[in-house]
Amino acid sequence: MFDRLEFLFGEATMALRRNVLMALAAITTVAVSLFLIGGLGYVYFRIDEYARTLPGKQEMRVFLRSGAPYAQITETAKQIRAMPGVASAVWMPKEKVWEKERLQHPDLTEGIENPYPDAFKVTLSDLSSAGKVAGAIRAMPAVEPAGGVVYLEKELEFIDQAMRVVRWLGSVFGSLLFVTGGVLIYNAIRLTILSRRVEVRIMQLVGATRLTIRAPFVIEGIVQGALGGALAALMVLASHQVFARFIESLKADVTSPPFPLGLALAGLSLAGATYGLLCSVVAVRSPMRLQ
Amino acid sequence: MPSHPPDHRGKRQRAAGRLCHPPPRRRVSNPASPYIVFENVEVRYSPLVRGLCGATLRIERGEFVFFVGRTGAGKSTLLKLLTREAAPTSGKVTLAGIDLGRLREREIPALRRQMGIIPQDFALLPRKRVWENVAYAMRAVGATRKEVRRRVPAILEQVNIGHRADAFPHQLSGGEQQRVAIARALINDPPLLLADEPTGNLDPEHSLEIMQILARLNERGTTVLVASHDVLTVAKVNRRIVTVEGGQVTSDSKSEAPARV
């Protein structure tokens, strides 16, 4: 068994060495495509996570008209909670808010009448719907028309746009490069078969099994894909470091969690190896017909 | 008829050999029946190109048969039918009772382990030494390093090339390269040896040398089929000659009369 594997892997190594440049092209293309798909996917979720963890980023305050009847307030709460993209809407009666304020800042609040209106604290589940939700709430009769909805509009818009760009880049360029990487692996294997046609012919003449003839080329494809995946993991690590520094420069009290390098290496290498396996199996099918 | 040589193959190869046999339902081999039978075989490579048109021939175990004829006459096609590089369009080809036309593609490697194939162009690996060329083929069919170390010297000696074991193919003469190709064909201890124009690239002296090696292997019990247009060398060896013309067997020295088509 060990002897057999030694022969097959020896042949695969030979195959890789025959077309180093083509193999490198395939490996780097697979790496870039996996980086764009997997890596930008990771960045996307990190941005999303960042937006969720920062206090106030996904929240908006809705101030109600002074003297709005209780029934109207209840109806407004119902309507807000039913909106798509809204996770929760908590009523904050002005008396409670003022009481809390007085407890926290007794000196500043002494002798002053309660200036706060009744309000809702609305938490969003989907950042991209913030604009729509804000517009719909502003149109409600119980809501104060001027400055009735307050939220971090610019920050949310920026994060939403960043996520759109990442999603778009990842899906369009990633898919294109993924297909290109597959074609390159396919071509690399075909070229190797061509350059090793004498070996293939000898194996066919002496009655080597199809598995013996094909396995080295399939191993070559798997190795190319796995190396591409590993390279992609390192590229994601680099982009993670850049992204983390950027976020930390925006807000000093935020620290990014450590990059799961082991998981990324294993995951992307496995994805690359699977892809390499598929491409090489397709590549060995047609030119390896016994003739 | 000479008997078969003792089986010197390793345990694994003997097991592989056993696996080569088709399922019992399809085994109709009978020691009394001819070893190889071409029965009104027609091969069409395309609607306009015919390899054979109605060839009929019987070959017994242990025979040495030359297929002679012009280029394109169908000699190589006869050999290709046996290696299953070609399949009959109509008619029937049997080897030891096995209908080769009905063989599935995945059964072809096992069939080829039952025969030795000697190509005209030698098909040697230029970057490997003589012994490595033979060892490579052995490793490809599942021999272990130990088996390779044990058997390669003996195989090379069978074709008198042992003294050049460490040479690279480009350091060998045409005749020596052909001997390496023959050595490689012997790795499975085949009962059948097929050679397509083995002297096509050789001078008369080396051609005769190759034929003598094939004759010696035949004397040990191996059935040898050679496609050749080298009439002079064929005449010197003095064995059964089957003439192929226009895809048909036109004469057979064994029957001393034109073969029926």
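All figures in this text were calculated on a predicted structure; none of them were measured in a lab. First the proteins, then the strands, lettered A, B, ... as listed; each starts at 1. Note that these values count all heavy atoms, side chains included, but never hydrogens, waters or copies made by symmetry.
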Please tabulate, for side-chain N and O atoms in residues 175-182 of chain A, each donor-acceptor pair with protein atoms closer than 3.5 Å (sequence neighbours left out).
unit_1, atom_1, unit_2, atom_2, d
A:S175, OG, A:S171, O, 2.4
A:T180, OG1, A:L176, O, 2.7

### Task
Kindly say whether A:G207 contributes a backbone atom to a donor-acceptor pair with the side chain of B:R113 at under 3.5 angstrom?
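Checked: pair present.
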### Task
Examine whether an atom of A:R196 lies under 4.5 Å from a heavy atom of chain B, and if so say whether it belongs to the side chain, the backbone or both; otherwise answer neither.
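When you check distances to chain B, only side chain atoms of A:R196 fall under 4.5 Å.
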For [X] and [Y], work out which heavy atoms get closest and say how close.
X: B:E105; Y: A:R210; value: OE2-NH1, 3.7 Å
X: B:A140; Y: A:T212; value: O-CG2, 3.4 Å
X: A:A208; Y: B:P109; value: O-CB, 3.4 Å
X: B:P119; Y: A:R201; value: CB-NH2, 3.1 Å

### Message
Below 4.5 Å, heavy-atom pairs only: which of A:V198, A:L8, A:V206, A:T209 has the largest tally toward chain B?
### Response
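If we count pairs closer than 4.5 Å to chain B, A:V206 comes out on top.
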### Close side-chain approach of B:R145 to A:F7, heavy-atom, < 4.5 Å
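They are not in side-chain contact.
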### Task
State, yes or no, whether a side-chain contact exists between A:Q204 and B:E85 at a heavy-atom distance under 4.5 Å.
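Answer no - side chains too far apart.
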#### Entry: More than 12 heavy atoms from other groups under 6.0 Å of OH on B:Y45
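Yes, the 6.0 Å shell around OH holds more than 12 heavy atoms from other groups.
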### Query
Counting only heavy atoms not in B:R127, do more than 12 sit closer than 6.0 Å to its CZ atom?
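No - once you tally the heavy atoms of other residues, nucleotides and ligands closer than 6.0 Å, there are 12 at most.
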#### Entry: For B:F122, all residues meeting ring pair (Phe, Tyr, Trp, His ring centres under 6.0 Å), sequence neighbours excluded
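In terms of ring pair (Phe, Tyr, Trp, His ring centres under 6.0 Å), with neighbours along the sequence ignored, B:F122 is linked to no residue.
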### Query
Hey, which of B:I118, B:L125, B:N133, B:I117 has the most heavy atom pairs under 4.5 Å with chain A?
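Result: the option with the highest number of such pairs is B:L125.
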### Task
To the nearest 0.5 angstrom, please state how far the CG atom of B:L124 sits from the CD1 atom of A:I202.
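CD1 of A:I202 is found 7.0 Å from CG of B:L124.
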#### Entry: Inter-residue atom distance A:M203.CE - B:R139.CZ, 0.5 Å rounding
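Between A:M203 CE and B:R139 CZ, I get 11.5 Å after rounding to 0.5 Å.
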